[in-house]
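These notes are about the structure you will find just below.
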Amino acid sequence: MAEITLIEAITQALAYEMRVDENVVVLGEDIGTNGGVFRATLGLLQQFGPERVMDTPLAESMIAGAAIGMASQGLKPVAEFQFVGFIYPALDQLFSHAARMRNRTRGRLTCPMVARAPYGGGIHAPEHHSESPEALFSHIPGFKVVIPSSPARAYGLLLAAIRDPDPVIYLEPSRIYRLVKQEVPDDGHALPLGKCFVSREGHDVTLVSWGASLHETNKAANMLAKENIHAEVIDVATISPLDIDTILASVAKTGRCVVVHEAARNVGVGAEIAAQIMEKGILTLLAPVQRVTGYDITMPYPKMEHLYLPTEERIIDAVYTALEYK
Amino acid sequence: METTFPVVANFEVTYHQYLGENGELIRPLPAFATPDVLQFLYKEMVLVRTFDTKAINLQRTGKMGTYPSILGQEAISVAMGNAMQKEDVLIPYYRDQGAQFQRGTAMEDIFRYWGGDERGSNFRHSREDFPICVPIATQYLHATGIAKAFQYRKQPRVAVTAIGDGGTSKGDFYEALNLAGAWNLPVVFVVNNNQWAISVPRSIQTGTQTIAQKAFAGGFPGLQVDGNDVIAVRQVMSDALERARNGHGPTLIEAVSYRLGDHTTADDASRYRSKEELHAAWEKEPILRLRKYLIAQGLWDDQREERLLADCQAQVAQAVEAYEQTPKANIDDIFDYTYETLTEPLKEQKAYAKRFKEKAHHG
Ligand SMILES: Cc1ncc(C[n+]2csc(CCOP(=O)(O)OP(=O)(O)O)c2C)c(N)n1
Ligand SMILES: [Mg+2]
């Protein structure tokens with residue numbers, strides 16, 4: 001079996017689900033002939049035709065609003081937003097309608113749509129192309145927020161997102177679109193939403209991350225292992241609803257936790273994780289939960305973005321802070 | 001008894017052009033178009049193209065980031081900026097390099113911006129002009145607010161903004177037209193219709209025959225101009241500016257041209273458009289067209305062309321040098337412009353960031 005990248009896994013999942021479910025349609029800017037600016041929809045137009053693979057006019061609010069209408073009719077739209085920084089015009093539609101259609105109609109109408117978007121920095125892209133707004137979507141009741149960290153998880157989680165009866169915000173870490181390759185069987189097997197994955201076992205400290213930052217987190221874990229510090233690494237994968245039980249079980253074992261995310265620190269997902277650990281597992285903690293995050297600043301342009309992104313060094317520093325806490 | 005219904009409104013879109021595709025004059029020249037001015041506009045277009053070629057080259061050699069070429073749209077951009085008064089305000093999109101240079105924006109600042117450096121938007125001249133706008137169509141609304149400020153203060157100034165054909169699909173575009181019409185604002189809306197929005201052709205972007213006619217929904221005139229005819233663009237711009245300055249409200253100018261380059265250096269247009277279409281578009285390009293006219297009038301020759309090219313190269317080389325000698329930004333720069341006064345959490349974060357500065361990875 002050929003090894004594929006994260007972006008190819010996304011294409012594979014879209015094609016699989018379009019083959020088995022004729023209600024699945026994809027829409028967005030440049031997704032047809034061009035196959036998407038990152039090529040996530042490459043070949044779909046040829047396979048499924050323009051009725052199901054829709055190059056839309058340039059308007060994100062329109063894309064989201066039309067997807068909501070389609071979803072109410074039982075279609076399963078997968079809308080691509082070219083970069084998550086350009087989903088902001090669609091927030092009115094997403095927040096005021098997609099997220100609450102079920103609630104507003106007491107379940108009469110629902111919104112089984114997926115909003116896909118590349119997110120995150122480190123790709124030397126121009127301004128507005130490197131945002132990490134996962135906390136923003138997680139704050140809105142009614143969405144599920146999913147972030148894959150590998151080709152296999154991208155495939156399985158996207159299938160789950162499309163099959164989910166509620167709207168899913170599916171954020172794709174563009175920095176690792178082509179970073180690693182994996183064998184990903186095209187068997188239509190979905191991974192569960194709302195579940196964290198333990199990526200590496202250890203007993204000294206729990207490192208919690210998602211998306212591209214997981215790669216620096218894993219590197220930090222490797223470096224720590226050389227110093228005989230054994231980190232457990234958790235890939236959160238579904239940011240909302242959060243699977244706190246898996247995190248709590250790990251913290252019960254390690255007593256220490258470091259959350260790593262690229263998004264700004266203030267009211268970030270790290271704060272939610274720390275709060276829940278405190279609420280449900282404070283007595284298992286041997287040190288305060290540490291956060292390694294982006295700063296509370298506008299994402300710097302490419303020349304300076306490396307100063308913003310969490311690094312192995314910053315993660316290791318936080319681990320030592322937790323280990324040395326008295 | 002009546003059997004038909006009366007027509008209650010009628011709208012017309014005119015198409016403005018002076019130079020034919022081969023540089024031949026098809027209408028009497030407008031008054032502004034003296035030999036000096038035409039030579040000046042020609043030189044400025046060549047300078048923009050020289051800059052553009054260099055910018056692509058800097059990106060290709062790893063010295064700059066993603067860059068959107070203006071190739072084929074030099075006439076629109078130069079004419080737009082050239083027609084403005086100094087006290088007007090330009091609210092550009094990302095393919096308005098020529099207008100920005102006319103406004104006094106330094107080439108090295110445009111290099112800096114696309115080189116991934118915020119300082120590229122801290123223009124030394126034209127201090128009230130807006131920075132390059134990436135979130136499509138949002139700039140159109142800023143222009144209405146700027147125009148409102150002029151109107152409120154009774155200043156004879158005009159806000160000039162531009163957008164691509166794709167951008168006209170966004171709500172912000174329509175909202176801006178509506179507000180400008182409702183408030184009779186001193187604003188000129190330019191649409192750079194280069195036939196493509198990345199891979200999406202004009203034909204599937206909108207169902208209307210022209211983009212110009214969208215002005216009628218806002219309640220003011222819209223017209224089409226040959227965007228490859230710098231004389232025509234300069235003239236319709238002057239007319240629209242005068243109209244706005246005299247309190248007669250907005251105008252929408254659809255400048256019809258063609259994006260001769262890739263969307264940006266990150267794009268490969270051969271994936272979605274034909275060679276034939278591109279070749280045909282090259283036949284109409286703006287610089288060659290004016291050169292043909294000037295040569296026919298005895299206003300231009302090979303020697304002058306050679307000198308001009310050398311001069312443009314030298315100017316651009318100087319800008320490249322200034323760009324490359326930009327002092328390194330430091331960690332304070334990423335924090336210090338978040339608020340007027342650095343907040344306590346940011347002070348703490350900055351001190352922390354400085355601890356790791358040396359070890360930072362290079363993604
Ligand atoms: C709100 C928003 N959505 C998407 C994008 C990504 N994007 C950048 S340029 C572009 C196409 C714009 O086409 P057009 O308006 O015709 O201008 P042109 O680039 O052709 O000059 C797109 C989709 C963006 N910058 N902003
Ligand atoms: Mg265009």
Side-chain angles (χ1 to χ4, degrees), chain A residues 29-39 50 54-62 65 82-83 85-86 88-89 92 121-130 175 212 216 219 264-266 293-314 316-317, chain B residues 65-68 94 112-118 120-121 132 134-138 164-173 197-201 204-206 263-264 266-268 271-273 328-331 333-335 337-338 343 345-346 349-350 352-353 355-357 359-363:
Chain A
E29 296 158 10
D30 302 286
I31 66 150
T33 317
N34 201 28
V37 295
F38 283 107
R39 312 286 178 250
M54 295 169 260
D55 260 332
T56 65
L58 200 174
E60 288 75 12
S61 179
M62 174 274 298
Q82 204 158 81
F83 285 86
F86 305 135
Y88 302 153
D92 189 18
I123 57 166
H124 308 293
E127 74 174 319
H128 308 290
H129 291 71
S130 303
R175 181 153 62 93
E216 283 71 49
K219 278 193 227 161
R265 186 182 194 81
N266 195 30
T293 67
Y295 304 117
D296 296 328
I297 60 177
T298 302
M299 181 68 184
Y301 296 4
K303 277 234 161 82
M304 303 290 274
E305 67 178 343
H306 62 282
L307 295 172
Y308 172 94
L309 298 169
T311 56
E312 296 92 277
E313 288 78 9
R314 284 170 59 189
I316 290 169
D317 181 75
Chain B
T66 304
Y67 169 77
Y94 47 81
R112 286 186 187 112
Y113 178 82
W114 296 111
D117 186 336
E118 285 84 345
S121 294
I132 289 168
V134 169
I136 302 283
T138 50
D165 45 311
T168 66
S169 293
K170 266 193 83 201
D172 295 32
F173 169 80
I198 309 187
S199 71
V200 178
I204 63 169
Q205 190 65 243
T206 171
H263 170 67
T264 65
D267 175 51
D268 171 10
R271 295 172 56 82
Y272 51 77
R273 69 180 186 191
K328 261 188 98 130
N330 60 44
I331 210 141
D333 290 313
I334 68 172
F335 286 94
Y337 299 93
T338 313
T343 60
L346 283 184
Q349 290 181 20
K350 184 158 97 174
Y352 165 88
R355 267 214 289 137
F356 292 95
K357 184 176 163 5
K359 301 184 210 153
H361 83 152
H362 294 264

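Side-chain atoms are counted along with the backbone in the values below, which use heavy atoms only and exclude waters and symmetry mates. None of these values were measured; they are calculated from a predicted model. Naming convention: chains lettered A, B, ... in sequence-line order (proteins, then strands); numbering from 1 in each chain.
Contact record, B/Ser169 with A/Pro57: OG-CB, 3.6 Å, taken as the closest heavy-atom pair. Heavy-atom minimum distance, A/Asp30 versus B/Ala197: OD1-O, 3.4 Å. The minimum heavy-atom distance between A/His128 and B/Val134, with the atom names listed, is CD2-CB, 3.7 Å. The two residues B/Glu118 and A/Tyr301 have their closest heavy-atom pair at OE2-N, 2.8 Å.
Heavy atoms closer than 4.5 Å to chain B are found in the side chain of A/Asp317, but not in its backbone. Only the side chain of A/Pro126 comes within contact range of chain B, with at least one heavy atom under 4.5 Å from a heavy atom of that chain. With a threshold of 4.5 angstrom between heavy atoms, B/Asp172 does not approach chain A through any atom at all.
Interatomic distance, NZ of B/Lys350 versus CG of A/Asp296, reported as 14.0 Å (0.5 Å rounding). Between the CE atom in A/Met304 and the CD1 atom in B/Ile331 there is a gap of 6.5 Å [rounded to 0.5 Å]. One finds the OG1 atom of A/Thr33 at 6.5 Å from the CD1 atom of B/Ile204 (value rounded to the nearest 0.5 Å).
The greatest number of non-hydrogen atom pairs below 4.5 Å with chain A, out of B/Gly167, B/Gly164, B/Pro345, B/Ala329, is found for B/Ala329. Contact count against chain B (heavy-atom pairs under 4.5 Å) is highest for A/Asn34 among A/Asp55, A/Asn34, A/Thr56, A/Val37.
In this structure, the side chains of A/Glu60 and B/Ile136 stay at 4.5 Å or more apart for every pair of heavy atoms. B/Val200 places none of its side-chain heavy atoms less than 4.5 Å from the side chain of A/Leu58.
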Test side chain to side chain contact (heavy atoms under 4.5 Å, CB included) on B/Tyr337 and A/Ile297 and set out the steps. CA-CA 9 Å; B/Tyr337 299 93; A/Ile297 60 177; over 6 Å; no
Show your reasoning for whether side chain to side chain contact (heavy atoms under 4.5 Å, CB included) applies to B/Lys170 and A/Met62. CA-CA 8 Å; B/Lys170 266 193 83 201; A/Met62 174 274 298; over 6 Å; no
Side chain to side chain contact (heavy atoms under 4.5 Å, CB included) between B/Ile198 and A/Glu29: does it pass, once the steps are laid out? CA-CA 9 Å; B/Ile198 309 187; A/Glu29 296 158 10; over 6 Å; no
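In this pair, A/Tyr295 and B/Phe335 present their aromatic rings tilted. The plane angle is within the 30 to 60° band.
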